[in-house]
Amino acid sequence: MNSNWKLALAAGAAWGVLAGQAFAQSAQPTVEELVVTARRVEENLQTTPVAISAFSSETLSRQGATAITDLQGAVPNLNLVQGRASSNATNIYIRGVGQPDALQTFDPAVGVYVDDVYYSRIRGTQFDLLDLARVEVLRGPQGTLYGKNTIGGALKLVSRQPDQTVRSQSSVSVGNYDLFEAKIALSGPVSDTLALGFAAMGSARGGYVTDPVNGQEYNDKNTFAARAALAWTPNDQFHVNASIDYTKDKSGLTVGQAQNTLSSAFGAVLYPVPLAIPEYNFKTTTTPGLPNETRFEHWGAAVTVGYDLTDSLSLKSITAYRNLDNDDYIDFDATALQVTDALVAVDQDQVSEELQLAYNQGPWQVVGGVYYLRENVKSHQAAFANAYLTPFTFLRTVDDDLTTTSWAAYANASYALTEKLRLSAGVRYTDEEKDYARTTSTFSNLGALNGTFAFKAKKSWDDVSPMVSLDYQATNDLFFYGRVSKGFKSGGFNGRANSPGEEQPYAPETAVSYEAGVKAELFDKRARANFTVFYNDYQDFQARVGRSVVSPSQPIPAIDFAVLNAGQLKIYGAELELAANPIAGLSLNAEVGYLHAEYGEFAEQRAATPPATGFVTLDRSWQTPAFSPEWTARLAGRYEWDLGDTGFVSVGAQARYRSEMALAIDNANLTTRARFPGMFQPSYWLYDAQIVWENSERNLSAGIYGKNLADEVYKTDAQEFSSVGGIRTAYFGAPRTWMATVTLKY
């Protein structure tokens, strides 16, 4: 056990002592009661037989959370960071299950839902928090309750719906790196049956990374978002909720730091990296002439219609359309050399329909539904590698078109065996078809490289995923549950296939999750303690790996980016979430996650290196699974002083810990088994704090928020394309930042 984790335990013990002493002194106030819709019905968080973390809008505001990635650390065993080389993608892992690659042929492993509408790409999920009611994070497979497959879990954002109450909220924030952000939200009734709402925001910030040569800034932000909503309730049985939203982002490049010596295809050293890589100083020079921009537009519309057929039976329809248009320029090698630079242009649209029937009477609570999704993703990619092929030129273009058609039916029923004992069971059937066409063309003044490779393929997969759980309400404040569930993610086609043989489809993933937990409210509901243990049997994990082979007859290495199915991942762990309000004004939180992830089977078959013939099998099972730190923890506290007519002042702080973590699937030498240090992030702590004043009516506030106060330099993600010139690039979290925010509510 390293010293960092000993410090976490000591801090946790101090938290417990402080809370215990305070409870003995006061009979005041209860912890926040949270109502969630994790199982598609409204339930108290403490009586929901699912591992779930929930955050109200008030909690998010108190923490100074402005983006969805600010939840990093607040949920055990959750990895939630900005995606590699992208200002609009999100890397989400829950309990070691995720998919970090934004390539359009990879499906997310964690389902992201906004008002029950599934977002089928990890692009477009880098959300700013705008007019939300709450956020829910569900851990483990959830397929028997949700429209789309959720093999790893679900991230749910629930917007604030307009109603018969007039509400308004506006805020302005300024901070370092030239931050300026403004938000406004308005909602209220138009008539006794109709209410409207509108919210908008603009956020601009200078880049965290600068070019020391020309002063150009990277990793900046320039975002506008808006949402309009309608709620129509003509009678007690019928209601309609409709919304339309739009997001535009025009930021610069997202760049990192080279972690490896870069070489040409002929073995010449292009960029030497010292054995001891200098600490990242947020300075980078990219390839001259590479446009410093990202163009991203994302919009959608949704209509939810609900009708109460009887007092106990209701029907709901959720219809949605989404469109995403994105141009990303990427400097994969993160140097001034053109080892590999690329344009990735994506045009995606999806239409979905979900019909849901819910029954709730007596001992029965039943939810069933059918789901349909049709998604089309077209992309154009252009990769430039003149330095890699020096003295020759190199341009490779890719145009592909993927259409996914997904049908599913699901049902989930709960039956109260007694007043305290409840049995739940569910099943999901999924049928998914993918139709893929791809054309790859290479242009070079080395004629042997020129040519075009094209293929078209179609394949379908289906699956039956069951779930069963048993829960027991021992007392009003003590709840036990056990759960077994299966998750599924369909197969696909290799979106980086550049030559015959690489286009072979890869198999679906499945995960069987075993989970048991206890949820307790203590000290007259002034404290909450939730504890969970779990084991995941994860089969056929879809892993992208890079390979290169040099032939005596071909001086240029033959490179392919295969997608393999890692035979088995064994994952187990435990999670503890604590919340307490021991005395008036004081709130304490602690979250701890333990995760053990290892490959049970991960074999790769590849062609032997000439002059040998045939195939060889490589054992990869000893490698470290990516984005699966053994320990995650957060300790947080907040104290508020009542100043009478002057208002209220609160001071809060949090410390977040993550142990060592691999940042890529390929993270060690396959021959020597020596780790690539740049593909790992050592353990680290982050410290945040805030001070906020509110007036006595609590409708006006002013606060100062600081994040990463120790100015820790830490990696969040990495690109691994070492088969192309040795490219290994790491991406880093934000340095120390601060902002001041003024908020007015009505």
Side-chain angles (χ1 to χ4, degrees), residues 83-86 89 101-106 123 253-256 258 260 262-266 270-271 286-295 326-347 377-402 437-455 493-500 502-503 544-548 556-563 664 666 718-729 731:
R84 58 188 68 162
S86 174
D101 202 323
L103 193 70
Q104 62 278 6
T105 50
F106 282 116
R123 293 183 186 275
L253 293 176
T254 299
V255 297
N260 200 48
L262 303 176
S263 305
S264 75
F266 306 102
L270 300 173
Y271 182 85
T286 61
T287 306
L290 183 67
N292 182 22
E293 65 178 54
T294 293
R295 186 184 63 82
N326 180 82
D327 290 344
D328 262 340
Y329 287 96
I330 304 173
D331 190 334
F332 284 100
D333 54 271
T335 71
L337 298 167
Q338 199 179 73
V339 181
T340 298
D341 300 337
L343 163 67
V344 179
V346 177
D347 185 1
V377 190
K378 295 181 179 179
S379 82
H380 170 74
Q381 303 166 49
F384 305 87
N386 290 340
Y388 177 63
L389 265 296
T390 187
F392 304 104
T393 60
F394 182 88
L395 166 64
R396 172 169 284 161
T397 62
V398 175
D399 292 278
D400 60 7
D401 191 336
L402 173 66
R438 178 181 175 91
T439 300
T440 302
S441 300
T442 303
F443 307 90
S444 174
N445 57 8
L446 179 59
L449 297 179
N450 291 330
T452 297
F453 166 60
F455 74 90
F493 298 97
N494 186 358
R496 291 194 174 93
N498 296 316
S499 58
E502 296 179 53
E503 73 277 14
R544 193 276 301 163
V545 299
R547 307 180 290 194
S548 63
I556 308 298
I559 298 169
D560 72 75
F561 300 106
V563 179
D666 268 330
Q719 295 273 17
E720 192 286 319
F721 288 110
S722 52
S723 56
V724 184
I727 293 175
R728 297 190 192 104
T729 301
Y731 297 87

Look up atom CZ in R295 and atom CG in D327, then write down how far apart they are to the nearest 0.5 Å.
-> 4.0 Å

With respect to D328, which candidate in L253, V346, T294, L343 satisfies the side-chain contact (heavy atoms from CB on, under 4.5 Å) definition?
-> T294

Report the distance from atom CZ of F453 to atom OG1 of T440, rounding to the nearest 0.5 Å.
-> 6.5 Å

Residues in ring-ring contact (aromatic ring centres under 6.0 Å, His included) contact with F721, at least two apart in sequence or another chain = F332, F561

Going by heavy atoms in the side chains, are F394 and T442 under 4.5 Å from each other?
-> yes

Can you list the steps and then say if S444 with N450 is a side-chain hydrogen bond (donor to acceptor under 3.5 Å, both in side chains)?
-> CA-CA 6 Å; S444 174; N450 291 330; 5.1 Å; no

Closest heavy-atom pair and its distance - D101, R496 = OD2-NH1, 2.9 Å

Rounded to the nearest 0.5 Å, what's the gap from CD on Q104 to CG on D347? Could you check?
-> 11.0 Å

Please name all residues satisfying salt bridge (charged side-chain N to carboxylate O under 4.0 Å, His left out) with R728, sequence neighbours left out, ordered by chain then number.
-> none

To the nearest 0.5 angstrom, please state how far the OG atom of S263 sits from the OH atom of Y388.
-> 9.0 Å

Do you see a donor-acceptor pair shorter than 3.5 Å between the side chains of S86 and T254?
-> no

Pair T286-N292, side-chain contact (heavy atoms from CB on, under 4.5 Å): steps then yes or no | CA-CA 9 Å; T286 61; N292 182 22; over 6 Å; no

To the nearest 0.5 Å, what is the distance between OH (Y731) and CZ (R84)?
-> 8.5 Å

Can any side-chain N or O of D333 pair as donor or acceptor with the backbone N or O of T340 at less than 3.5 Å?
-> yes

So, N386 and T393: side-chain donor and acceptor under 3.5 Å apart, yes or no?
-> no

Answer yes if the side chains of S379 and D400 hold a donor-acceptor pair under 3.5 Å, and no otherwise.
-> yes

Okay, side chain of R438, backbone of A497: is any donor-acceptor separation there less than 3.5 Å?
-> yes

For D331 and V255, indicate whether the former's side chain and the latter's backbone hold a donor-acceptor pair under 3.5 Å.
-> no

What are the two closest heavy atoms between A89 and A102, and how far apart are they?
-> CB-CB, 4.4 Å

Side chain of N260, backbone of G726: donor and acceptor closer than 3.5 Å?
-> yes

Looking only at non-hydrogen atoms, find the nearest pair between T452 and S441 and report the distance.
-> OG1-OG, 3.2 Å

Name of the residue among T397, I330, V344, D399 meeting side-chain contact (heavy atoms from CB on, under 4.5 Å) with Q381 | V344

Heavy-atom pair with the smallest gap, counting every atom of P288 and A336 = CD-O, 3.4 Å

Look up atom CZ in F384 and atom CG in L389, then write down how far apart they are to the nearest 0.5 Å.
-> 13.5 Å

Please report the shortest heavy-atom distance between T390 and S264, naming the atom on each side.
-> CG2-CB, 4.3 Å

